[in-house]
Every structure is written in structure tokens, then in C-alpha cells.
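I have placed the structure first, in the form of C-alpha cells, so that the comments after it can refer back to it.
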Amino acid sequence: MAASASSTMLLSSKSSRASLSWKNQLASTSAFRVSGVTLPRRSLRQCPRFIIFSMDAKPTVLVAEKLGEAGLKLLKEFANVDCSYNLSPEELCTKISLCDALVVRSGTKVTREIFESSGGRLKVVGRAGVGIDNVDLAAATEHGCLVVNAPTANTVAAAEHGIALLTAMARNVAQADASVKAGKWLRNKYVGVSLVGKTLAVMGFGKVGSEVARRAKGLGMHVIAHDPYAPADRARAIGVQLVSFDEALASADFISLHMPLTPATKQILNDETFAKMKKGVRIVNVARGGVIDEEALVRALDAGIVAQAALDVFTVEPPPKDSKLIQHENVTATPHLGASTTEAQEGVAIEVAEAVVGALKGELSATAVNAPMVPAEVLLELKPFVVLAEKLGRLAVQLVAGGSGVKSVKVTYGSARAPDDLDTRLLRAMITKGMIEPISSVFINLVNADFTAKQRGLQISEERLLLDGSPESPVEFIQVQIANVESKFASAISDSGEIRVEGKVKDGVPHLTKVGSFEVDVSLEGSIILCSQVDQPGMIGKVGSVLGEENVNVSFMSVGRVAPRKQAVMAIGVDEQPSKESLKRIGEIPAIQEFVYLGL
Ligand SMILES: NC(=O)c1ccc[n+]([C@@H]2O[C@H](COP(=O)([O-])OP(=O)(O)OC[C@H]3O[C@@H](n4cnc5c(N)ncnc54)[C@H](O)[C@@H]3O)[C@@H](O)[C@H]2O)c1
Ligand SMILES: O=C(O)[C@H](O)COP(=O)(O)O
């Protein structure tokens with residue numbers, strides 16, 4: 001098999017200029033990285049197509065917002081880096097078709113138009129921070145683009161800023177500072193409130209929320225938290241009680257917001273919920289502006305329900321200059337500074353650069369936002385089965401008669417592993433890839449496999465068959481069945497009426513071991529010819545000599561039969577594609593009832 005036909009990278013695109021150039025370079029490359037492991041070139045045939053990347057190629061990374069030096073250095077070691085800040089949406093759309101990865105902070109909207117304008121070249125979006133609400137994840141997934149973020153490096157900075165706002169608000173630091181600078185000395189006006197003994201409700205008890213809680217306890221506050229998804233024992237461990245949303249609102253003197261902006265949290269603080277709060281409550285928001293209905297907050301401030309608010313984030317950033325909220329005397333505002341410490345920015349830059357480089361190298365990222373995370377050791381173990389899965393998908397779909405329309409696919413994994421000890425997402429993605437790519441122009445990868453299958457109305461159900469024996473190998477066999485279709489090779493229809501192909505990995509090489517109800521054994525390394533006939537002597541020789549005359553090398557031959565001299569299926573592995581003329585001659589061999597050539 002030609003290297004260029006089987007080699008591309010994790011997130012490549014059929015139409016990508018970059019992947020074409022990588023493919024060209026692959027032809028002269030002697031080693032490849034597969035999920036962090038360097039493989040010799042001859043291992044290519046056994047590698048899943050979407051996790052290979054040529055170490056010689058240099059992708060292009062567009063850094064659209066200021067990134068810490070250490071991160072830039074990491075990116076430059078691996079890629080051509082274009083730092084272009086303050087691009088207009090139109091300029092970004094123009095540039096993106098020349099880029100394999102894009103790195104942003106919260107200031108760039110990564111819209112559907114950007115993915116569409118990339119022409120399939122954009123493989124990775126790196127968000128140098130936590131929140132990915134500025135990235136159209138659905139569009140990224142549809143375009144097979146991986147989104148990675150930097151979820152941990154700015155946690156402490158955000159928590160510290162939350163505490164800074166909490167204490168500054170309670171003591172009117174910002175307002176008092178402005179008044180002193182204006183030549184005033186208003187000691188009575190800026191009398192604050194104490195924190196000790198007050199109840200703080202942390203809304204969203206994730207990374208930042210729990211760090212805020214820890215620090216607030218150090219200030220002597222009574223801390224409660226609301227988070228429908230947080231484990232109670234994690235809260236208990238730092239002396240925080242998890243409470244319902246309404247209970248948090250009703251009992252808090254201070255509310256600090258730390259949830260992501262999602263459809264469920266959008267404007268979660270609104271007229272109705274402000275009405276449930278203690279009069280004189282104080283609110284801190286270092287999460288996202290959109291979780292507060294800002295007009296309702298102004299009303300609540302005017303009504304004295306909310307005594308003060310300290311806000312780092314806004315629905316529109318920057319907010320309009322004449323915003324009533326910003327201008328409100330009881331509001332302290334900062335320009336989205338939560339993550340802006342020197343330390344956090346260096347950390348975030350390194351975290352995102354590592355994730356982007358890893359993704360471009362074909363490693364499955366630990367910080368992937370729109371793809372399942374498959375740990376490296378699982379990936380390594382599944383590698384040969386991943387190849388098998390794709391090839392079975394390719395075989396199965398080629399056996400479908402034209403006009404049948406594939407709707408329902410059942411995959412059975414025979415395994416001695418406990419059910420929760422086999423992660424099949426990667427295998428499912430490869431079967432999907434094998435089935436869809438030969439019949440469409442879409443390039444399938446782990447990011448878009450399930451989405452694309454769903455979009456095409458392809459239902460893939462999975463079943464585990466628990467086998468006796470050693471669970472050393474993750475999978476004993478994989479069976480792919482396509483229901484409710486006709487086959488162009490009738491013998492591929494099983495006793496139960498579906499097209500069925502089954503395969504195993506033998507000595508690291510994928511083999512086809514069943515077609516319909518016939519047992520065969522042929523290595524899935526080249527392409528395959530399947531013939532059906534009544535079992536009789538001389539058939540292998542007849543077909544072999546037609547192929548030999550054309551110098552087509554036969555790599556494997558195997559005959560599966562119901563019983564001696566009864567119906568049989570002959571599977572022939574070939575290294576080269578036979579000509580139409582040779583295939584016609586095979587079909588004309590009198591004993592052959594039907595045959596099909598299946599490219600892999
Ligand atoms: N201002 C800044 O510069 C800055 C810096 C860092 C993070 N952030 C923002 O802070 C927020 C939290 O970041 P994180 O790193 O802690 O994220 P995280 O994912 O660790 O925590 C978010 C928590 O919110 C919880 N949550 C989800 N829906 C909820 C709901 N309806 N009600 C209550 N809780 C809910 C989740 O269960 C999770 O525990 C994000 O919005 C992030 O973008 C802002
Ligand atoms: O979600 C985040 O990480 C913060 O909001 C930080 O955003 P920034 O990278 O734009 O500072």
C-alpha cells in the first residue's frame with residue numbers, strides 16, 4: 001500500500017492543502033509519531049490513518065491574541081507561528097485558510113464562518129484559558145476541528161481576583177480611591193461591611209469556585225455552595241455545605257458566581273431570582289457576564305435588593321461606555337482581569353501550546369473539549385484494532401448494493417474484558433470512518449465521527465459479547481453487520497439476513513475472518529476479491545493464474561465452506577488492483593457464481 005494513501009494526521013481534511021503537502025512529505029519520511037510513540041516507517045500499514053503525523057512537516061499556527069512567551073516558544077519549536085492580533089472578523093476569515101491551528105483568548109469570536117472559511121485546513125483551536133463560550137463548538141465538531149483549552153493554569157488567578165473584588169467591594173476601595181484622587185476626604189461615606197461571620201454562597205463549585213471558598217473560609221466567612229454536579233464529599237472536605245439554588249439565594253450575604261455560561265446558566269440571576277435574595281446582598285462575578293441579566297441587576301441595585309456588585313465580566317465586552325451598570329455608584333468593575341496575572345498568563349500559554357502541539361502531532365489531547373479523551377495507553381493497546389475497525393467498515397459498506405441506503409449498523413465486540421474495561425469510542429469512530437469516507441467527501445475523525453453518522457441518519461449500535469478466556473487482549477473479534485440492505489455479494493448476507501463481516505487481529509495484523517456465514521482468513525493488508533462457488537478442486541489455481549498473468553501479487557487465499565463440495569466463499573488478498581479485464585475473466589470462470597473486488 002502506498003504511504004500517501006494511508007498516511008495523514010489526526011485531524012486532516014480531504015481538501016486541505018496542508019494535508020496534501022504532508023502526504024507528499026510522508027513519502028520521504030522515515031519515522032512517524034503515533035500518539036507520542038515513534039514508529040518505524042514500515043509500521044504505517046498498521047497505524048490508524050488519523051493519528052499519524054509526519055515529524056518533518058511544519059504546520060502553521062495563527063496566534064490571534066497575545067500569548068505568554070513560553071507558550072510562543074513551544075509553538076515555534078514545532079510550527080510556523082503567525083502572531084496577528086486585533087484582526088477583524090473578515091481578516092481572520094481570510095487568514096484562516098492558511099492555518100492549521102488557531103490560538104485565542106476570550107477576545108476572539110471563533111464563529112461558524114471561520115470554520116467554513118478554513119476550507120477544512122483548520123485542525124485545532126486552542127483557547128488560552130478556560131471558557132470556550134467564544135468558540136462555536138458545534139461548528140468546530142461539524143468541521144472535524146478539535147478544540148482544546150487551558151483549564152487549570154488560571155484557576156488561582158481567577159480565584160484571587162474574586163477575593164480581591166469581594167474585599168474591595170466590601171470596603172469601597174475603588175470608589176474611595178477615585179474620590180481621594182478627586183481631592184475629597186469622605187471618611188463617613190465609605191464605611192464598609194465586615195466579611196467575618198457573613199455567609200458567602202459560591203455558585204458553581206468547580207476549580208475556581210472551590211479555591212474562592214477555601215480563601216473565603218480563611219477570611220472567617222461561612223461558606224455554602226450551589227452546584228448540581230459537584231460531589232458533596234469534595235465540598236465537605238473543605239468545610240463547605242452544598243445547598244439548593246433557592247437556599248443559596250435566600251441565605252447569602254455575598255454571592256460569588258463561578259459557573260460556566262451555558263443555556264442553563266444564561267441570565268440565571270434575573271428579576272425573579274434577585275427577588276429571592278436577602279435585601280442588601282453583595283454580588284461578585286468573575287465567571288461570565290451572561291449569567292446575569294444586567295438590566296435586572298441595575299433594577300435590583302436601584303431597589304436596594306443588591307447593595308453592591310463587583311464585576312469582572314460583562315455580556316458585551318467591552319461594555320458600552322454609557323452602560324448604566326458600569327456607571328452605577330455601587331458597582332465596581334474591572335476589564336476581564338481574572339486570568340491576568342503574569343504567572344497565570346505564562347501558565348496558560350504553556351498549557352495551551354502543549355495541547356495544540358500535541359493535537360497537531362496526533363496525540364489525543366487531555367484538554368480536548370469536543371472529542372472523547374482516550375488515554376495514551378488505551379490508544380496504544382487499541383491501535384491494531386483501530387485499523388481492523390476501519391477496514392471492516394470499508395469492507396461492509398462496499399458490500400452494500402447500490403441504492404440500498406445504509407441506515408442501521410450493529411457492531412459486536414467479542415472480548416474477555418469486563419464491560420467497563422473496554423473503551424470502544426475510538427473503534428466506533430474508525431468503523432464510521434471506514435463506512436462513510438468511501439461514499440462521501442467528508443473526512444471523518446474522532447471529533448466528528450458520531451456527529452457525521454447522526455447527520456447522515458446512520459444509526460450505529462454497539463454490543464459486547466463477553467468471552468471466556470484471558471482479558472489480555474482488549475478485543476478478540478469485531479463484527480460489523482448492516483441490516484435491511486441488499487448486497488452486491490449475496491454470500492455476505494448472514495443466516496439472519498444482514499451483511500456481516502468479522503475480523504480479528506493476528507500477530508498485530510488485521511484479518512478478515514468471516515463473510516456472511518462463511519469462515520475465511522485473509523490478511524487485510526492489500527485489497528480483497530471475494531468469490532462464491534461450489535467447493536471443488538482447482539478453483540484457487542484458476543483465479544490465481546488469471547491474477548498471475550497480470551502480475552497481480554496474491555498475498556493470502558482462504559476458502560470458507562459450509563461442508564466439503566458445498567457452497568464456499570474464497571477470499572483472495574491482492575497487493576495490486578487487478579484490471580477490469582482480469583476481474584471480468586475471474587467472473588467468467590464457469591464455477592464462480594458471483595464475485596466482488598473490495599478496495600481497502
Ligand atoms: N474572569 C476571568 O478571567 C476568568 C478566569 C477563569 C475562569 N473564568 C470563568 O469562571 C468560570 C468557572 O471556571 P472553572 O475553571 O472553575 O470551571 P469549572 O468547570 O472547573 O467549574 C464550573 C462549575 O460550575 C458548575 N455548574 C455548571 N452548571 C451549573 C449551574 N447551573 N449551577 C451551578 N453550578 C453549575 C459545574 O458543575 C462546575 O463544577 C467559567 O465561566 C470560566 O470561564 C473566568
Ligand atoms: O475563561 C477564562 O479562562 C477567562 O475568562 C480568561 O479569559 P482571558 O484569557 O480572555 O483572560
Side-chain angles (χ1 to χ4, degrees), residues 63-68 71 85 103-110 125-135 147-166 201-215 224-232 234-235 238 240 242-249 252 255-270 273 284-292 310-315 317-318 333-349 351-352 355 367 369:
V63 178
E65 287 181 73
K66 194 159 170 26
L67 193 69
Y85 309 143
V103 177
V104 297
R105 287 179 64 184
S106 62
T108 306
K109 298 256 174 287
V110 189
V125 171
R127 160 66 169 109
V130 186
I132 29 88
D133 44 306
N134 55 321
V135 181
V147 180
V148 293
N149 69 349
T152 60
N154 67 23
T155 298
V156 167
E160 287 177 350
H161 196 61
I163 294 292
L165 287 177
L166 178 82
V202 171
M203 312 298 271
F205 195 70
K207 293 183 293 295
V208 179
S210 47
E211 289 302 323
V212 165
R214 212 187 295 275
R215 283 159 178 74
I224 57 175
H226 168 69
D227 187 327
Y229 316 106
R234 189 156 55 79
I238 55 174
V240 171
L242 285 179
V243 299
S244 70
F245 182 65
D246 281 356
E247 197 179 337
L249 296 188
I255 292 175
S256 195
L257 299 168
H258 301 289
M259 65 265 277
L261 177 60
T262 65
T265 61
K266 189 172 179 205
Q267 300 199 339
I268 200 166
L269 297 195
N270 50 44
T273 51
V284 175
N285 188 8
V286 288
R288 281 293 177 268
V291 301
I292 300 180
L311 310 170
D312 183 47
V313 283
F314 304 89
T315 305
E317 292 183 3
T334 51
H336 203 146
L337 289 182
S340 295
T341 62
T342 313
E343 297 82 354
Q345 281 314 305
E346 279 301 291
V348 160
E351 200 175 7
V352 80
T367 60
V369 177

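As the structure lists them, so they are numbered: ligands from 1, and atoms in each ligand from 1.
- How far CG of L166 is from NE2 of H161: 12.0 Å, rounded to the nearest 0.5 Å.
- H336 NE2, 2.6 Å is the protein heavy atom nearest to atom 5 (O) of ligand 2.
- Atom CZ of R127 sits about 9.0 Å away from atom CD1 of I132, to the nearest 0.5 Å.
- Of the listed residues (N154, T152, T367), just one forms a side-chain hydrogen bond (donor to acceptor under 3.5 Å, both in side chains) with E351, and that residue is T152.
- Put simply, the side chain of Y85 reaches to within 4.5 Å of the side chain of V63, judged on heavy atoms.
- Considering CG of D133 and NZ of K266, their distance stands at 11.5 Å, rounded to 0.5 Å.
- Residue-ligand proximity, G129 to ligand 2, at heavy-atom distances under 4.0 Å covers atoms 3 (O).
- H226 NE2 to D246 CG: the interatomic distance, rounded to the nearest 0.5 Å, is 9.0 Å.
- Nearest protein heavy-atom contact of atom 6 (C) of ligand 2 is A339 CB, 3.6 Å.
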Counting only pairs under 3.5 Å, give me each side-chain donor-acceptor contact of residues 203-215, with atom names and distances, residues two or more places apart or in other chains.
residue, atom, partner, partner atom, Å
S210, OG, G206, O, 2.5
S210, OG, K207, O, 3.3
E211, OE1, R215, NH1, 2.7
R215, NH1, E211, O, 3.1

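- A heavy-atom cutoff of 4.0 Å around ligand 1 is satisfied by the protein residues V130, G131, N154, A158, G204, F205, G206, K207, V208, H226, D227, P228, Y229, H258, M259, P260, T265, V286, A287, R288, D312, V313, H336, G338, A339.
- Contacts between R288 and ligand 2 below 4.0 angstrom, taking non-hydrogen atoms only, involve the side chain exclusively.
- One N or O on the side chain of D312 and one on the backbone of H336 form a donor-acceptor pair closer than 3.5 Å.
- Annotation: atom 10 (O) of ligand 2 to nearest protein heavy atom, S106 OG, 2.4 Å.
- Contacts of N154 with ligand 2, taken as heavy-atom pairs under 4.0 Å, involve the side chain alone.
- Here the heavy atom of the protein found nearest to atom 3 (O) of ligand 2 is V130 N, 2.6 Å.
- With a heavy-atom cut-off of 4.0 Å, A150 does not touch ligand 2 at all.
- Atoms of ligand 2 found under 4.0 Å from any heavy atom of A128 (numbered from 1 in listed order, with element): 9 (O).
- When only non-hydrogen protein atoms are considered, atom 2 (C) of ligand 2 lies nearest to R127 NH2, 3.1 Å.
- The distance from the CG atom of D227 to the NE2 atom of H258 is 11.5 Å, given to the nearest 0.5 Å.
- Taking every heavy atom of G131 and a limit of under 4.0 angstrom, the matching atoms of ligand 2 come to 1 (O), 2 (C), 3 (O).
- R105 NH2, 2.7 Å is the protein heavy atom nearest to atom 11 (O) of ligand 2.
- No side-chain heavy atom of V135 sits under 4.5 Å from any side-chain heavy atom of N149.
- Side-chain contact between P335 and E317 is absent, with no heavy-atom pair separated by less than 4.5 Å.
- Rounding to the nearest 0.5 angstrom, the gap separating the CG atom in L269 from the CG atom in N285 is 8.0 Å.
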